[in-house]
Amino acid sequence: MAKKILAVTGCPTGIAHTFMAEEALKTAAQELGVEIKVETNGAAGAENVHTPEDIRDAIGVIVASDKNEEIERFNGLPVIVTSVGDGINKPKELIQRILDGKVPVQNPGKAAKTEAAPADKGSVGHQIYKHLMNGVSHMLPFVVAGGVLTAISFLWGIYSFDPTSEQYNAFAAMLKNIGGISMGLMVPIFSAFIGESIASRPGLVSGFVGGMLASSTGSGFIGGILAGFVAGYFTLWLLKMLSGLPKRYEGLKSIFLIPLVSVAFIGIFMSLTAGPVTAINEAMMNFLSGLQNSNPLLLGIVIGCMSAFDMGGPVNKAAYTTGTALLGMGNTTFMAGVSAACITPPLVIALATTIFPKKFSDDEKAAGLSNYVLGCTHITEGAIPFAAKNPLVVLPILMLASSISAVLTYMMGIQVPAPHGGFLILPLVSNPIMWVVDILIGSAVGAVIYGITKKEEK
């Protein structure tokens, strides 16, 4: 009987990393002569889901995900819990650990739905990262839908939503209202799913209320992060404190006590901290937005380096969420630089594989072609496999390229009123031709440097 390994992959956005890890694991398994089935937790939901029969026949499981996965179903099997990045960069190593029997069995002898073994949860830093990215991944659809709908409403005029303006259009006003509601939910959703990641459904409730308070008091994303983590960990502590109650009080505990106490606690906490957190949030936003006029060169370098440093990771998302927050405040210039910086890395890879074909393998050239599509649609993660092979060389090149694109965008004062979409939103950009030119300049510079420094494939 062939040795069968199961895997689960997932990333915050569920777009690129998820399927790159799937492909890497499948390729490695084929090379090692092992059967593997990979369940992907992508943007469209879980696909190729493992059945009870799959779990029964498996010799081990690899969970390469930056999202919370239901790993309790694998109790009794050797389980590796790691990041999606390891699934992309270390697939053979992960599979070999299963084959060599060097992976501890998760909760041996216990049935499904029991708590996962602490040793399998990963480092504290990775857990915090997963909780944060769980919030980001659930927030993004609200941001994208709301931002694009708001941007579309501007096609009738920047004041088309105002009944007193000559530009007023009832349909445009309706679109802007819908988009505004969707955008307004981003902080509450963000906080709610940080809380849910930490304390499951009870954490979702207190996290959402905390996020609403962060949004209404002006403490923004900083307040949203604080609300999500405080609500989640307080609710988790509360669950443990009440775990000794007799089973007959289970309904009272879950429906009444936990929501009441956790919501009251996070409400009081957020109300007391609203003042200082709001001041910090406003100071940061004012500083960054002020750089647009006072020092666009410095702002472009900062945004470019942040966007290309980890391409979809927490540093990249910090720049992106700042841009969406400023966009919600009517600042459309800041997001133009962020989008340009995020679009650039995959285009650097795509152009390099086209200009210097002899320096890349056939697989890399095929991946380079897909990076044209990924780059044009604002999906930065396509550059990760190339950067992972030689990060000390490739990452600085990508950061330089993204910085050039962002600096040129800021210097020309280009405005982008939508938070996502890449070149699909060109009709909404204030100067679409120059924006594309700015991005191509940065991408071309990076591609030439990358091609010159890369050793030829043998």
Side-chain angles (χ1 to χ4, degrees), residues 10-15 18 41-46 65-69 128-151 176-236 259 262-263 266-267 269-270 273-274 277-278 281 285 312-314 316-329 335 338 378 418-421:
C11 66
T13 57
I15 300 173
T18 300
N41 191 351
S65 176
D66 289 334
K67 301 170 72 172
N68 275 346
E69 307 288 353
I128 291 174
Y129 171 79
K130 284 175 67 175
H131 301 324
L132 184 65
M133 290 298 103
N134 191 58
V136 171
S137 66
H138 285 88
M139 174 196 75
L140 280 179
F142 291 86
V143 177
V144 173
V148 173
L149 285 173
T150 300
K176 188 175 187 304
N177 181 54
I178 296 170
I181 291 172
S182 182
M183 288 280 285
L185 287 171
M186 60 184 178
V187 173
I189 293 295
F190 178 57
S191 301
F193 281 94
I194 291 176
E196 185 266 350
S197 179
I198 297 169
S200 194
R201 188 178 299 175
L204 179 76
V205 178
S206 53
F208 191 86
V209 173
M212 286 294 292
L213 286 166
S215 183
S216 63
T217 58
S219 54
F221 279 97
I222 295 177
I225 292 171
L226 187 65
F229 280 101
V230 171
Y233 282 114
F234 176 80
T235 305
L236 188 64
S262 61
V263 168
I266 194 63
F269 177 84
M270 291 304 295
T273 58
V277 175
T278 299
N281 187 64
M285 296 295 179
N316 172 284
K317 287 296 185 291
Y320 180 78
T321 52
T322 301
T324 57
L326 289 171
L327 190 64
M329 297 162 61
M335 180 52 75
V338 174
H378 192 146
H420 214 279

Check whether more than 12 heavy atoms from other residues, nucleotides or ligands sit under 6.0 Å from atom CE of M212, and answer yes or no.
-> no
Where is the tightest heavy-atom contact between S215 and G184, given as atom of each residue plus distance?
-> OG-O, 4.0 Å
Going by atom types alone, do S219 and T278 pair a side-chain donor with an acceptor below 3.5 Å?
-> no
Atom of V338, atom of A319 and distance for their closest heavy-atom approach | CG2-O, 3.9 Å
Side chain to side chain, S262 and I266, heavy atoms closer than 4.5 Å = no
d(T217 OG1, M270 CE) to nearest 0.5 Å is 5.5 Å
So, for G224 and A214, which heavy atoms are closest and what is the spacing to 0.1 Å?
-> N-CB, 3.7 Å
Flag side-chain contact, heavy atom, 4.5 Å: I194 against N134 = no
Atom OG1 in T235, atom CD1 in I198: separation rounded to 0.5 Å?
-> 8.5 Å
Atom pair OG/CD of S191 and E196 - distance to nearest 0.5 Å = 13.0 Å
Could you grab the distance from atom OG1 of T273 to atom CD1 of I222, nearest 0.5 Å is fine?
-> 11.5 Å
Around atom CZ of F229, are there more than 12 heavy atoms of other residues, nucleotides or ligands at under 6.0 Å?
-> yes
With under 30° as parallel and over 60° as perpendicular, where do the rings of Y233 and H131 fit, or are they tilted in between?
-> perpendicular
Can you tell me how far the CE atom of M183 sits from the CG atom of L185, to the nearest 0.5 Å?
-> 11.0 Å
Do any N or O atoms from the side chain of S216 and from the backbone of L213 form a donor-acceptor pair under 3.5 angstrom?
-> yes
Could you state the interatomic distance from NE2 (H138) to OG (S197), rounded to the nearest 0.5 Å?
-> 9.0 Å
What pair of heavy atoms forms the shortest contact from M139 to M186, and how long is it?
-> CG-O, 3.4 Å
Might you work through the side-chain contact (heavy atoms from CB on, under 4.5 Å) test for L204 and F208, ending with a clear yes or no?
-> CA-CA 6 Å; L204 179 76; F208 191 86; 5.6 Å; no
